[in-house]
Protein chains: 2
Amino acid sequence: MKQNMPITKEKIIAASWELLRGKGIENFTMRKLAEQLDIKAASLYWHFKSKQHIFQVLAEEVAKHILLAERDDGDWKEQLFQFGVNMRKQLQAYPCSAQLLMQTMPSAPEYVALFEHMLVVVDKLSLKDKDKFSSIACFMDYILAFELDAYERNKVRLEITQDIENKEQKSYLNLSIYKRDSSFKILHRMHFNGMFKNMGSDDMFETGLKIIILGIEQLT
Amino acid sequence: MKQNMPITKEKIIAASWELLRGKGIENFTMRKLAEQLDIKAASLYWHFKSKQHIFQVLAEEVAKHILLAERDDGDWKEQLFQFGVNMRKQLQAYPCSAQLLMQTMPSAPEYVALFEHMLVVVDKLSLKDKDKFSSIACFMDYILAFELDAYERNKVRLEITQDIENKEQKSYLNLSIYKRDSSFKILHRMHFNGMFKNMGSDDMFETGLKIIILGIEQLT
DNA sequence: ACCTGAACACCGTTCAAGT
DNA sequence: ACCTGAACACCGTTCAAGT
């Protein structure tokens, strides 16, 4: 990480991804970012006018990579499905990218390009423009929320394992209570904790994708 | 706001909602919350062990109210639709509640009750348990993401109008560029800004809800 | 039981001053 | 052109001390 060469925007962005991966977006600070680059926090402000602006650049980078990895195979249903799978793959490759996109979305030109790209896929359907737009918005909302959710759940999971290490045993999720509580009949039947542990899996993600694609088809 | 009676948990929670409504979750601070209650920030820690814990209580309150407002009319499709509409209404009634739920979701007992309630609606369908669960997760993800999105978009909108007041004219969304850019053919045809202005509307929300419900039906 | 002052270890951002 | 020290106005949280 230590270099004598002058800092560039590119190096700051690269270090930002590292910091996000290591500390998460809630612990991303200008001071830590500067430390990682062997400079002082104040120096960052020569390259970027604010932390928010760094986030915007990161978000646009993600949006760009989502579009780059696109190939258009099969019918519209297959295309939409592949787009969803690929978008999630990119979101997983860039730490906290769902948060970044959610925060900065409508201002980024790349975001609009994403929208346009998906509208093309759905344009051949015999739907009102308004419904095409709603379909794509729903599709993207689902994907983003799925990853936001996964991130939060992972955070809780890490806190718990940390507490166990510290012999604190706080048990944020005391599932044992629900296991015995007869008021949650269906969840109980579904093997409560197994179901919740399966949240965030590839399988669950793809089922959601299928639901939305089938739903769009049905809207015609 | 000024009272001589001793502060209670209930008063702190009430003041928290006010603060969220007035300042948003990103400007919710213990110091501001204390000020609103005419006490000092340190005093809050006698009632709640942390800011995070206050958020957890707020989130559970929202989840509780979503369940309370429930009536079960019609077939499963109608029920699910009404649930979605009602859930969004509650999310809109409590400021930043989508963020609160997203942050604290899996640890809250009320959240599990929400899940169970929706699973009951969908339980009569001839689906694998796994797919019932995925359906509900998809449904809830969509609703939360829709409101998160609306919140962020509103934030940007407020910043812009503020800038216009300040004669800064930064134009975070310079839509005029896209309007002329021929690479966004479909969005252009759809009246670019009109479409984006329509984002977050009741109509768009309900279309998304319908898509997911039709999709779940198709999964059987 | 309930509240406070003072402190600790942080933040993002600015800006005059250095090279 | 690029970086820094020092400061400003904040954070969340703790804790001995007050009533």
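Here is how names work: the chains are called A, B, and so on, in the same order as the sequence lines, proteins then strands, and each is numbered from 1.
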B:K64/B:E61 salt bridge by N-O under 4.0 Å criterion: no
Along DNA chain D (nearest heavy atom to each residue), the more 5'-positioned of B:T29 and A:L44: A:L44
Start and end of the DNA chain D segment that chain B contacts, any atom under 4.0 Å from a heavy atom: D:dC11 to D:dC15
Side-chain (A:S97) to main-chain (A:Y94) donor-acceptor, under 3.5 angstrom: yes
Interatomic distance, A:K51 atom NZ to A:Q56 atom CD [nearest 0.5 angstrom]: 14.0 Å
5'-to-3' dot-bracket of DNA chain C (Watson-Crick, G-U; under 3.5 angstrom; crossing pairs as [ ]; | other strand): ||.|||||...|||||.||
CG-CE distance between A:L67 and A:M87, expressed to the nearest 0.5 angstrom: 10.0 Å
Option from A:L209, A:I212, A:T207 for which side chain to side chain contact (heavy atoms under 4.5 Å, CB included) with B:C138 holds: A:I212
Pairwise distance CD(B:E147) to CD(B:Q90) - rounded to 0.5 angstrom: 11.5 Å
Whether A:N86 side chain and A:I66 backbone form a donor-acceptor pair below 3.5 Å: yes
Sugar-phosphate, base or nothing in reach of A:F28, heavy atoms under 4.0 Å: sugar-phosphate
Contacts of type side chain to side chain donor-acceptor pair (under 3.5 Å), residue A:R21, not counting sequence neighbours: none
